[in-house]
A.B. asks: 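Take a look at this one; I'll ask things after.
FYI, side chains are in, hydrogens and waters are out, and symmetry mates aren't considered; it's all heavy atoms of this structure.
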Amino acid sequence: MWKRTELKKKARASMKQNYWKIISVCFIIALLTTAYPVSTTFINLQISTDARQFSDAAFALDIPNSEVITQTVSHFLENTALPGLSGRVISAASHLAIDMYSTQVSIFFATLRAFNAFLREPFGTGALLTAAGFLLAFLYQIFVGNLLQVGEKRFFMESHSYKQTNISKIFFLFKLRCILRPAWIMFCRSFFQFLWNLTIVGGIIKHYEYSLIPFILAENPQIIRRDAFFLSKQLTSRNKRKLFLLDVSFAGWKILSLLTLGLLDFVLVNPYITICRSELYLSLRRNYVLSRSPRYERLNDSYLEHAPSEDELLISKALYDDSNGPYTKISYFAPEQYPVFLFSVQPPLRAVRSPVKADRKYDVCAGIFLFHAFSLFGWLLELVLHLIQNGTFDPNAAVFAPWIPLYGVFGILLLLLAKRMLKKPAIVFLISFAVYSVLEYLFNLITELAFGIPLRDYSEFFLNLNGRIYLGGSAAFALLGCAFLYYLAPRWTELFTKLRRPARWTVCVLLCVLLAADIVLRLL
């Protein structure tokens, strides 16, 4: 039997030991998935819903989700006697709630955007782009968002027994090349939940019955759909009322979080609740396995609860070496980390790489290449995000050379200013946040003075500085900067240095010429 007081006591103890890692994981998941929409409200809240006033700017802000719903309702009421009712009712009562409990990268709102686009204009290029945005949002949620949520559960379960669990554990399904089956099961979970929600009461019951499926997938990614649903049902059997009361016990924290526009959710509530649920799953699975209940063998990762001793590791490693598996040559005994080479699912040999050397040295040629590579990456990223959110291409696209120099300058400055602090990720994040904030403010100020229009206008957002920067953008870019510093820059440089030195310099000169041509064409 499990008790709420015991779960919360364990959760508080775990948070004290790994506080910064835990909130970092929840923050990453909040930015990249739809799991914690309220958490980022304080950095993404828009104080106005009339995004059309920026339609002539170089970078038009995305229309809030509440405005999308208003437009959808208006389409249905425009031929009735109450054409203006939707705007008054939704604006007055629901705008804030909708925007707080939803995210821009959402299948539901991508569908509404596509629907509005088809009603607003005849079938053509715009409608096709909107449909492409919907498709990208759908694929992102299925193959990225859902899998990251499973990875988050894996991180919390491993950190229960292994205090040095890396944040990168949230990407473990991608490292294992185990994607299709977990993606399919998570899609079925969402689809079935949607159908049950139509019955209201059945939706509440199934919400708790399906709640442990991500944890089961995190333990055994190769489990089949039937077993995943069966085990989640069995583990929650006779526990749904307790699960409901556990959620009710967090109501006070949730109310406080709403009063702070999600800030408390970000720094305390989400980590605390997620740890409690992880502890709950570990407790339920332990009892289920010990009782030898039906299909208990599918819960096959005993190392989640039992950290092997050094002697056990040495014996297991020796036996593993005889099998000549993918981790034979590069596996190592990291203190207080899960023995990944003993995990029940092993990646293919081609997927195993040596650890990324984030502290490697970069010469001038590599620096020039990274500037252009990150600029191109930024252009592609904004193009895809703009297509998903608005169903159109980013109007800030380059004339000739497809890149955004702001990203490149940001990456190079990070390499110069934060490279010595790599062992302190929290400080690297703050440096990244500050560097990007200053850079974007200067870029917007310069473009406003030169062309009369800022590159990006954030004046609609709640936490902005003169409309040139806002907290949400800086936080997202700080996270992207950490990814560049710890992973992208070393990997890209590793690939780039495979070229001979004359070829490397030729590539750099060609990229610089293309960038110069783009700048000239813009000025003309």
A.B. asks: Under a plain distance cut-off of 3.5 Å, with no hydrogens placed, do Glu219 and Asn300 share a side-chain donor-acceptor pair?
C.D. replies: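 No donor-acceptor contact under 3.5 Å links the two side chains.
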A.B. asks: Please check this pair: side chain of Arg285 against backbone of Leu299, looking for a donor-acceptor N/O pair closer than 3.5 Å.
C.D. replies: yes
A.B. asks: For the residue pair Asn239 / Tyr208, report whether a side-chain donor-acceptor contact shorter than 3.5 Å exists.
C.D. replies: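 Distance-only check fails for Tyr208 and Asn239.
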A.B. asks: When you measure from the side chain of Ser159 to the backbone N and O of Phe156, does any donor-acceptor pair fall under 3.5 Å?
C.D. replies: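 At least one qualifying donor-acceptor pair exists.
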A.B. asks: Centre of Phe155's six-membered ring, under 6.0 Å away, within 45 degrees of the axis: is that where NZ or CZ of Lys21 sits?
C.D. replies: no
A.B. asks: Any side-chain donor-acceptor pair under 3.5 Å between Glu279 and His160?
C.D. replies: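 The criterion, which ignores hydrogens and geometry beyond distance, is satisfied for His160 and Glu279.
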A.B. asks: Please report the interatomic distance CD1(Ile170) to OG1(Thr165), rounded to the nearest 0.5 Å.
C.D. replies: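 Ile170 CD1 to Thr165 OG1: 12.5 Å, rounded to 0.5 Å.
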A.B. asks: Any non-hydrogen side-chain atom of Ser344 less than 4.5 Å from a side-chain atom of Gln222?
C.D. replies: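 A side-chain contact under 4.5 Å is absent here.
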A.B. asks: Taking the basic N atoms (NZ, or NE/NH1/NH2) and the acidic carboxylate oxygens, is any pair closer than 4.0 Å for Asp265 and Lys254?
C.D. replies: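 A salt bridge is present here (some side-chain N lies under 4.0 Å from a carboxylate O).
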A.B. asks: Is the shortest side-chain heavy-atom distance between Ile22 and Ser14 below 4.5 Å?
C.D. replies: yes
A.B. asks: Taking the side chain as everything from C-beta on, heavy atoms only, tell me whether Pro308 gets closer than 4.5 Å to Pro339.
C.D. replies: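 When only atoms from C-beta onward are counted, Pro339 and Pro308 do touch, with a gap below 4.5 Å.
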A.B. asks: Using atom types as modelled and distance alone, determine if a side-chain donor or acceptor of Ser432 lies under 3.5 Å from a backbone N or O of Ala478.
C.D. replies: yes
A.B. asks: For Tyr19, does the OH atom have more than 12 heavy-atom neighbours from other residues, nucleotides or ligands under 6.0 Å away?
C.D. replies: yes
A.B. asks: Can you see whether Phe215 has Lys153 sitting over its ring - NZ or CZ less than 6.0 Å from the centre and within 45° of the normal?
C.D. replies: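 Yes, Lys153 sits over the ring of Phe215.
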A.B. asks: Please determine whether the number of non-hydrogen atoms from other residues, nucleotides or ligands lying under 6.0 Å from atom CD1 of Ile200 exceeds 12.
C.D. replies: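 Counting other residues, nucleotides and ligands, CD1 of Ile200 stays at 12 neighbours or fewer.
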A.B. asks: Provide the closest heavy-atom pair for Ser437 versus Ile469 in the form atom of the first, atom of the second, distance.
C.D. replies: O-CG2, 3.5 Å
A.B. asks: State, yes or no, whether a side-chain contact exists between Phe343 and Leu176 at a heavy-atom distance under 4.5 Å.
C.D. replies: yes
A.B. asks: Please check: side-chain N/O of Thr260 versus main-chain N/O of Leu264, any donor-acceptor pairing under 3.5 Å?
C.D. replies: yes
A.B. asks: Should Asp301 and Asn220 count as side-chain neighbours, where that means a heavy-atom distance under 4.5 Å?
C.D. replies: no
A.B. asks: Kindly give the heavy-atom pair with the smallest separation between Pro221 and Val345, and that separation in Å.
C.D. replies: CD-CG2, 3.8 Å
A.B. asks: Which value, rounded to the nearest 0.5 Å, describes the distance between Glu305 atom CD and Arg286 atom CZ?
C.D. replies: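 The CZ atom of Arg286 is 4.0 Å from CD of Glu305, to the nearest 0.5 Å.
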A.B. asks: If the condition is ring pair (Phe, Tyr, Trp, His ring centres under 6.0 Å), which residues does Phe172 pass it with, not counting sequence neighbours?
C.D. replies: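 Result, ring pair (Phe, Tyr, Trp, His ring centres under 6.0 Å) vs Phe172: none returned.
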A.B. asks: Flag the pair Ile275 / Lys10 as yes when at least one side-chain heavy-atom distance between them is below 4.5 Å, and no otherwise.
C.D. replies: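 They are not in side-chain contact.
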A.B. asks: What distance separates Leu32 CG from Glu152 CD, expressed to the nearest 0.5 Å?
C.D. replies: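 Taking CG in Leu32 and CD in Glu152, the distance rounds to 11.0 Å.
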A.B. asks: Would you sort out whether Phe250 and Cys276 count as a side chain to side chain contact (heavy atoms under 4.5 Å, CB included), showing the intermediate values?
C.D. replies: CA-CA 11 Å; Phe250 298 125; Cys276 284; 3.9 Å; yes
A.B. asks: Could you tell me whether the side chain of Leu480 reaches within less than 4.5 Å of the side chain of Phe374, counting heavy atoms only?
C.D. replies: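 SC-SC contact between Phe374 and Leu480 confirmed.
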A.B. asks: Any luck finding a side-chain donor-acceptor pair between Ser168 and Asn166 under 3.5 Å?
C.D. replies: no
A.B. asks: How many angstroms lie between atom CG of Leu380 and atom OH of Tyr407, to the nearest 0.5 angstrom?
C.D. replies: 10.0 Å
A.B. asks: So Asp247 and Lys242, salt bridge (charged side-chain N to carboxylate O under 4.0 Å, His left out) or not? Walk me through it.
C.D. replies: CA-CA 9 Å; Asp247 285 344; Lys242 291 184 178 181; over 6 Å; no
A.B. asks: Phe429 and Cys482: which non-hydrogen atoms are nearest, and at how many Å?
C.D. replies: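 Looking at all heavy atoms of both residues, the shortest contact is CA-SG, 3.8 Å.
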A.B. asks: Roughly how far, to the nearest 0.5 Å, is OG of Ser232 from CG of Leu284?
C.D. replies: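 So the CG of Leu284 and the OG of Ser232 are separated by 10.0 Å.
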A.B. asks: Are any side-chain N or O atoms of Glu209 and backbone N or O atoms of Ile204, one a donor and one an acceptor, separated by less than 3.5 Å?
C.D. replies: no
A.B. asks: State, to 0.1 Å, how close Ile216 and Tyr281 come at their nearest heavy-atom pair, and which atoms those are.
C.D. replies: CA-OH, 3.7 Å
A.B. asks: Counting distance only, does the side-chain N/O of Ser161 pair as donor-acceptor with the main-chain N or O of Leu304 below 3.5 Å?
C.D. replies: yes
A.B. asks: Between the side chains of Ser283 and Tyr288, does any donor sit under 3.5 Å from an acceptor?
C.D. replies: no
A.B. asks: Just by modelled atom types, is the Lys233 backbone N or O under 3.5 Å from a matching donor or acceptor in the Ser237 side chain?
C.D. replies: no
A.B. asks: May I ask you to decide if Arg238's main-chain N or O and Arg241's side chain share a donor-acceptor pair within less than 3.5 Å?
C.D. replies: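 Judged by distance alone, no pair lies under 3.5 Å.
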A.B. asks: Would Arg154 and Tyr338 count as a cation-pi pair here, with the cationic atom under 6.0 angstrom from the ring centre and within 45° of the axis?
C.D. replies: yes
A.B. asks: So, Ser293 side chain and Val289 main chain: donor-acceptor pair closer than 3.5 Å or not?
C.D. replies: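 Side chain of Ser293 to backbone of Val289, a donor-acceptor pair under 3.5 Å: no, none is there.
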A.B. asks: With a 4.5 Å cut-off on side-chain heavy atoms, are Phe477 and Phe484 touching?
C.D. replies: no
A.B. asks: As a quick check of understanding, evaluate side chain to side chain donor-acceptor pair (under 3.5 Å) for Tyr272 and Arg12, giving each step before the final call.
C.D. replies: CA-CA 7 Å; Tyr272 181 45; Arg12 288 191 292 268; 3.2 Å; yes
A.B. asks: Taking all non-hydrogen atoms of both residues into account, name the closest pair between Asn197 and Gly203 and its distance.
C.D. replies: OD1-CA, 3.4 Å
A.B. asks: Do side-chain atoms of Thr274 reach the backbone of Pro271 as a donor and acceptor pair under 3.5 angstrom?
C.D. replies: no
A.B. asks: Looking only at non-hydrogen atoms, find the nearest pair between Tyr436 and Gly473 and report the distance.
C.D. replies: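 Smallest interatomic distance, heavy atoms only, reads CE2-O, 4.1 Å.
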A.B. asks: Judged by modelled atom types alone, do Tyr303 and Glu158 share a side-chain donor-acceptor pair under 3.5 Å?
C.D. replies: no
A.B. asks: Run the numbers on Tyr36 and Gln149 for side chain to side chain donor-acceptor pair (under 3.5 Å), then give the verdict.
C.D. replies: CA-CA 10 Å; Tyr36 305 120; Gln149 292 181 42; over 6 Å; no
A.B. asks: Is a donor from one side chain sitting under 3.5 angstrom from an acceptor on the other, for Gln17 and Lys163?
C.D. replies: yes
A.B. asks: Please report the interatomic distance CG(Asn287) to CG(Leu282), rounded to the nearest 0.5 Å.
C.D. replies: 11.0 Å
A.B. asks: Looking only at the side chains, is there a donor atom on one of Lys206 and Thr199 sitting less than 3.5 Å from an acceptor on the other?
C.D. replies: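 Per modelled atom types, Lys206 and Thr199 side chains form no pair under 3.5 Å.
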A.B. asks: Please identify each residue that fulfils salt bridge (charged side-chain N to carboxylate O under 4.0 Å, His left out) with Glu440, with sequence neighbours left out.
C.D. replies: Arg456
A.B. asks: Which residues pass the salt bridge (charged side-chain N to carboxylate O under 4.0 Å, His left out) test with Arg298, not counting sequence neighbours?
C.D. replies: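 Once residues adjacent in sequence are excluded, the partners of Arg298 under the salt bridge (charged side-chain N to carboxylate O under 4.0 Å, His left out) criterion are Asp227.
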